[in-house]
Amino acid sequence: HNSSKANSNSSVTTISVAGPDNNRPYTYPDNGKIGGYYGALLGRIDQDLKQYKFKQTTTAQNSVFVGLQSGKYDLAVSNWWYSKDRFNTYLHSTSNGLDDLRLITKKGGKTANSLKDIATKKLTLAPISTDDARYAFIQDYNKKNPKYKINLKGIGDQSAGDALKQVSNGQYDVAIYPYAAYKPVSSTSEGTKLRVSKSIGLENSYFLLNKSDKNEKLLKALNKELKKLKDNGYLGKITKKYLYENTFEFPGANSTFNTDPTK
Amino acid sequence: MKLSRIITTLLSGLPVTLTLLVFSFIFAAAIGLGIAWLSLRNSAVCYNISRLYLGLVRGTPPLLMLLLAYYGLPKLFLLVGININDWSKLLFGIVGLSVGWSGYLSEAFRSAYLSVDQGQYEAALVVGMNPSDAFWRIIMPQTVLIALPNIENLVIGLVKATSLVYVIGLVDMYSSATDLSNQNQGVYQLEIFVVLALIYWMIVLAIEWVFRSIKKEYQYVTV
Amino acid sequence: MLLDIKNIKKTLKNNHVLKGIDLSIEKGEVVAIIGPSGSGKTTLLRNINFLETADSGMMKFRDQQIDMAKPSKEKILWTRRHMAMVFQNYNLFKNKTALENISEGLIFGQNMEKKTAESLAEAALNQVGLIDKKDFYPSQLSGGQQQRIGIARATVLNPDIVLFDEPTSALDPELVGTVLRDMKQLAEKGQTMIVVTHQMSFARNVADRVIFFADGEIIEQGNAEEVFDHPQNDRTRKFLSAIAEDY
Amino acid sequence: MLLDIKNIKKTLKNNHVLKGIDLSIEKGEVVAIIGPSGSGKTTLLRNINFLETADSGMMKFRDQQIDMAKPSKEKILWTRRHMAMVFQNYNLFKNKTALENISEGLIFGQNMEKKTAESLAEAALNQVGLIDKKDFYPSQLSGGQQQRIGIARATVLNPDIVLFDEPTSALDPELVGTVLRDMKQLAEKGQTMIVVTHQMSFARNVADRVIFFADGEIIEQGNAEEVFDHPQNDRTRKFLSAIAEDY
Amino acid sequence: MFDFRFAINSFPKILSVAPTTIVLSIIATLIGLILAILIVIIRERKIKVLDSIAAIYVSFIRGTPIIVQLYVVYYGLPQLLVALRGMGINTNSNGLPVILIAILAYSFNASANISESIRSAYHSVDYQQYEAAVSVGMKPTRAMTRIVVPQLITNLIPNFSNLFLDLIKDTAIVYNIGIVEIMAKANIMSSLGFKYIETYLDALIIYVFICWFFAKLFQIFEIIARKRISHTQEFV
Ligand SMILES: Nc1ncnc2c1ncn2[C@@H]1O[C@H](COP(=O)(O)OP(=O)(O)OP(=O)(O)O)[C@@H](O)[C@H]1O
Ligand SMILES: Nc1ncnc2c1ncn2[C@@H]1O[C@H](COP(=O)(O)OP(=O)(O)OP(=O)(O)O)[C@@H](O)[C@H]1O
Ligand SMILES: [Mg+2]
Ligand SMILES: [Mg+2]
């Protein structure tokens, strides 16, 4: 059913892929295709899996999931983290990347080195896009740590630059971002006023797929491919290239990467 | 950031914005005319259908309308076995905006039609025109002229609404702006958006000028 | 008999506006209808021309017999193409020039070629002395000019009967004369006309027959002298005295 | 002299509408102004009441000297509170009842108590025989009734002068009489009035003086006989013959 | 794929923030109305300089998308305040609540649109009604408030209703600056499981109902106003 379409070569299956259009450096629109880390990863997978052809598009993040849910898209790419509901709603791959989470504060202002710090020091956390995995991540944290709850505010699509500006001008005390999102901002005039914490944890990301027989089959191929790319160092290579540091070389990276969050 | 870079980037989205504007307006007008026609027929069923349509369409935020068009419409078509997923996004954007604006246009036409002097129609019949000639040659042109100020407002509203197609990933002027802003981590957001606002304003000023010219052309046709 | 109407009845919102009227018009006759406001004069003309459909009534027009309560589309069109009407508020097509107002009926009512229609329209404009206004829109013309074009629009169709509904009552007093003069000329040429009017002098000087109409009925009719100078009915007398300038 | 206007001039869009007019009115005088459409009659009344401001002109009204080109707010208000105006289209306040239409000016123009104003308004309604319509809105009244309330609204203010601008020209012919009779009564009571009118019979029967106005100028004036029966000026003669029913 | 239970469970939660949408719309409309009246007075009285400024302001606001306006206020206002602080004026840009920014942006937007509606309603009142009022000796302002304004109101209501409904729908983008109204709540509810269709359907139902409700309310106002204030309806 849905958007799979028999090509001239009937053995090739077309997969429609969507990614958010403002999630640099993970995904962004690049001449009608997906750019950034996942653009590179998809390109490689497309090359390797001859039986699949990946039709790419970018759109607003909530829209990506409306499309994924309705079956318009087969595969959604970005640094999606684990949440139980997501994994129940969609098919998911094994890990396809490793994010390094940091807390960003204002130089000379209040500091935080862990999520618990934010709660105990009563710091205000910059609002997080409700579609963003970080939002669910903090919700999850709050559920697990009812004693040290963080005051979480939602917001619509917002770039890292905007959020970090709010920290640098003192509107909020702290923001949480993967290092990759912080890094490009750090060199801007606002960014030089910021201080970044050490890694407060590593987080896996996954592909999410619309539930269908076609995609079950795709999933198997994807998982096999991801394992190959991890093992041959391709993931590490593009992580270094697009995300500014090779998180796969971090201590504990291997065990984190290979854990199954559903267990 | 250089102003010229901002302007050229934003203008690269202009063709999409204008395409959306022109085609959405044409289709919205066509649907709107149909709905107005339904609501003016002497039939309770037709009237209620048109009311229901208007209630639904006019109560739906354009943002949701676009999502519905892009994701809902293909599902609907699949029910009858037609796959339209491969249509371009631009088409879905046009569909969403057309449906969204059809409600407003229908009301504009309806009220304009009702305010055309009934005597005009009768005078046409009396010189021996058949009803359809009377309608198309006398009533319709006057309806359009009466509706003109309303239509102008709606076109301007439509220009602005095209900015919402970001929600289905169409790269119009607004999306070009947000993407440019994101390329620089949002540092130049304010500058970019001010330029964006000015470009939209120019488009609207141009539209106002066109309508002013039309009004001037027909200044003696005081309906 | 050119037009012969029998027992036309019309009810509007429980209001018996026409209570069974008989009316016959001979070819060449000029009939003036007078009567108080709201008595149904306009309604009568509108029913004759099928702008409204009567509740009952038979009409013989030329050689055609028409059931006024159930006229067929063809008969309606046929009737309208052999009759013309001039309105109180002129009702010139606002989106058409003076010339187009006159040619429109020729082209779309009588399927005439555009060229021919336009030259006929120009001739009609010439006759009322308004040829220099041919490209003007109604809003650019005075009331008197508009009404004279309204009359030209009606007569250019060469109709068997022209119906006039208070053609001068929306006009400034000095402009009334010009319109009435056009109408008088028309009458002198032998045009059959039914004229609803408040201009007693026109009724008196031009009409072959005057009909006094009240409350949906013909109360009294006859030539001008009979009706104006020797009214038989109280209602007629009362109306005439209200109109007369006795303050 | 109650009102004495000197050399009033008014240009509207490069159009010399009033070309320097002198006009004096004695207390108790009834002046009728006649003249072709567009000659500036309405404009004259509007300038007297400061609904428009003249380009130049001096006005002496009662004991006040007013520069018509630069009237102060206070003088405008004072003038309006000693004059009243009756409009062609009645212009009753659509959002007020018949009674309120009359009392409004008393309460807000003359600072009268509401109670007193209302009893005066009722008396005025009684006089024109419309007391049973006191709670009706204008849309519920006939044109004749509306205009008679318009007159009551003006006269209840006990003004020194009432200005009438074609008070009957929007009325059905049978309704004209009632309004003219009200006006005649008023004149007989000694009310000073300036009446722009097309009703020659009213001008003839009621007016002390008739002014023929054309092209922004007073062409001729005198009593009715002088102007109507022995007009001195060609323009006057031409106008009178256009009005006369000679078709 | 459609999770009915999720849709039904989310509904009351999304509904619970509907007041934010409504209150935001109402406050913005009220402030907009006040600004609009000022604009109308300035423009109709042709007050020098201010008149042109008001005209440009209205044209600009009517010529730019609300989402762009929202961002310009959102990013511009703090910078303006910072700049003012630089000039020695003591302003605090930090504590600026987003709700204030939203209200401001939507009020500006409403003021421009409403001012145009009022102007057209004003022009549709027969000017002679005003003249009749001053000719019985009312002061000009009184003639306005007692005669012209009551008649203007009925002409205004249908347009005003449309503008209000548009504003309600336009608030569907305000989640972009972090205010939790209907759309934001729908997004938040969805983000956990990335299930959007259900919550968007909920939101749609709520919007359609709200719009239907206010449309009816304004219709009733109009009927009442016609009967009680303007008496413009023909009594049959
Ligand atoms: N659409 C309608 N619905 C109900 N009653 C109507 C309608 N049209 C006209 N009437 C009524 O029918 C009666 C006759 O109206 P008509 O216009 O024929 O009178 P008239 O003699 O032409 O009057 P006038 O001299 O004022 O033109 C009036 O009492 C009027 O109120
Ligand atoms: N606002 C205006 N702008 C330009 N010209 C105007 C304006 N108002 C009136 N005029 C012109 O001023 C002249 C005098 O108009 P006015 O209404 O005073 O005439 P009138 O004698 O009252 O005519 P009528 O008998 O038709 O009422 C006319 O030629 C008219 O076209
Ligand atoms: Mg009539
Ligand atoms: Mg006048």
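Every chain is numbered from 1, with letters handed out A, B, ... down the list of sequences. The model shown is predicted, which means the values in this text are computed figures rather than measured ones.
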Give the minimum heavy-atom separation between B/Pro61 and E/Ala172, together with the two atoms involved.
-> CB-CB, 4.0 Å
Where is the tightest heavy-atom contact between B/Ala197 and E/Val68, given as atom of each residue plus distance?
-> CB-CG1, 3.8 Å
Measure the CG-CG distance between E/Leu204 and B/Leu56 for me, rounded to the nearest 0.5 Å.
-> 8.0 Å
Could you tell me which of B/Leu64, B/Leu68, B/Leu164 has the largest number of non-hydrogen atom pairs under 4.5 Å with chain E?
-> B/Leu64
Heavy atoms only, distances under 4.5 angstrom: which of B/Leu190, B/Val194, B/Val204, B/Leu196 has the most pairs with chain E? Name it, please.
-> B/Leu190
Mind checking side-chain contact (heavy atoms from CB on, under 4.5 Å) for B/Ile207 and listing every partner two or more places apart, or none if nothing turns up?
-> B/Leu21, B/Val155, B/Ile156, B/Val159, B/Ile203, B/Phe211
Could you tell me which residues satisfy side-chain contact (heavy atoms from CB on, under 4.5 Å) with E/Leu33, sequence neighbours excluded, listed by chain and number?
-> E/Ile37, E/Ile114, E/Ile118, E/Phe160
Under 4.5 Å from any heavy atom of chain B - which part of E/Leu201 = neither
Looking only at N and O atoms, which donor-acceptor pairs between chain E and chain B are within less than 3.5 angstrom?
residue: E/Ser59; atom: O; partner: B/Trp201; partner atom: NE1; Å: 3.2
residue: E/Ser59; atom: OG; partner: B/Trp201; partner atom: NE1; Å: 2.8
residue: E/Arg62; atom: O; partner: B/Lys160; partner atom: NZ; Å: 3.0
residue: E/Arg62; atom: NH2; partner: B/Asn153; partner atom: OD1; Å: 2.9
residue: E/Gly63; atom: O; partner: B/Trp201; partner atom: N; Å: 3.4
residue: E/Asn162; atom: OD1; partner: B/Arg58; partner atom: NH2; Å: 2.8
residue: E/Asp166; atom: OD1; partner: B/Tyr104; partner atom: OH; Å: 2.8
residue: E/Lys169; atom: NZ; partner: B/Arg58; partner atom: O; Å: 2.6
residue: E/Lys169; atom: NZ; partner: B/Tyr104; partner atom: OH; Å: 2.6

Sequence neighbours left out, what pairs pass salt bridge (charged side-chain N to carboxylate O under 4.0 Å, His left out) with at least one residue falling in residues 17-27 of chain B?
-> none
Does a sphere of radius 6.0 Å around CZ in B/Phe23 hold more than 12 heavy atoms from other residues, nucleotides or ligands, not counting ones at 6.0 Å or beyond?
-> no
